[in-house]
Amino acid sequence: MAVGYTGKGFLARLAKDWKLKLDKPVDQEMPDGKKRTYVHGRGRSGTTVSAGYADHANMSSLVCRSGAKQSDGLGFLAACTGLDVTGIDHGKASAWLEQAKKETDSLYNKRVAETGMKEEYVVSGAFTAGPVVMVLHRGYDSYSLRILGGAVE
């Protein structure tokens with residue numbers, strides 16, 4: 001996201017506001033032998049969050065997921081666009097998310113009509129906000145908002 005950005009305060013607020021239970025950080029070894037740290041969390045309504053740290057300290061990715069039929073799902077994803085990283089215009093990010101949801105829903109419904117399969121998967125266009133890029137994924141039963149920043153070596 002940005003050098004020095006841990007995201008700890010953001011994750012704590014998100015967990016409190018959305019009643020998420022955050023797990024302890026876990027290290028995972030990548031194919032190149034480097035270890036990455038991840039923090040995962042889950043809410044009672046099925047919302048999930050996963051934060052990735054390329055160097056164990058600086059947040060480099062965030063994935064927020066909600067159910068496609070979840071009444072407060074878009075609100076949760078919008079809260080995820082509220083990262084407190086310098087350069088993100090939260091109003092524009094929230095407006096983009098709302099439009100991206102409409103577009104991915106339309107694409108998803110079109111694909112289902114064409115193929116007859118509900119297990120389709122579509123992706124929105126990317127939105128760049130300061131040092132991060134946001135992309136919305138739409139699958140059969142869920143939305144996944146992926147927010148990627150520059151990984152720190």
Checking Glu114 now: which residues fulfil salt bridge (Lys or Arg N to Asp or Glu O under 4.0 Å) with it, not counting sequence neighbours?
Arg111
Compare all side-chain heavy atoms of Ile147 with those of Phe127 and state whether any distance is below 4.5 angstrom.
no
Would a line drawn from the ring center of His137 to the ring center of Tyr121 be shorter than 6.0 Å?
yes
Rounded at 0.5 Å granularity, tell me how far CG in Leu62 sits from OG in Ser50.
8.0 Å
Are Asp84 and Arg13 within salt-bridge range, i.e. N to O under 4.0 Å?
yes
What side-chain donor-acceptor pairs closer than 3.5 Å can you find for residues 63-80, not counting sequence neighbours?
unit_1: Arg65; atom_1: NE; unit_2: Ser142; atom_2: OG; d: 3.3
unit_1: Arg65; atom_1: NH2; unit_2: Ser142; atom_2: OG; d: 3.1
unit_1: Gln70; atom_1: OE1; unit_2: Gly67; atom_2: N; d: 2.9
unit_1: Gln70; atom_1: NE2; unit_2: Ser45; atom_2: OG; d: 3.1
unit_1: Gln70; atom_1: NE2; unit_2: Asp72; atom_2: OD1; d: 3.0

Say whether Leu107 and Val112 are linked into one hydrophobic cluster, either directly or through other cluster members, by side-chain heavy-atom distances under 4.5 angstrom.
yes
Quick one: does any side-chain atom of His40 pair with a main-chain N or O of Lys24 as donor and acceptor, under 3.5 Å?
no
With hydrophobic residues grouped by side-chain heavy-atom distances under 4.5 Å, do Val122 and Tyr140 end up in a single group?
yes
Would you find a donor on one side and an acceptor on the other, under 3.5 Å apart, between the side chain of Thr104 and the backbone of Ala100?
yes
What's the spacing between Lys35 NZ and Glu29 CD if we round to 0.5 Å?
6.0 Å
Pair Tyr53-Asp27, side-chain donor/acceptor within less than 3.5 Å
no
Report the residues that fulfil side-chain contact (heavy atoms from CB on, under 4.5 Å) with Lys19, sequence neighbours left out, ordered by chain and then residue number.
Arg44
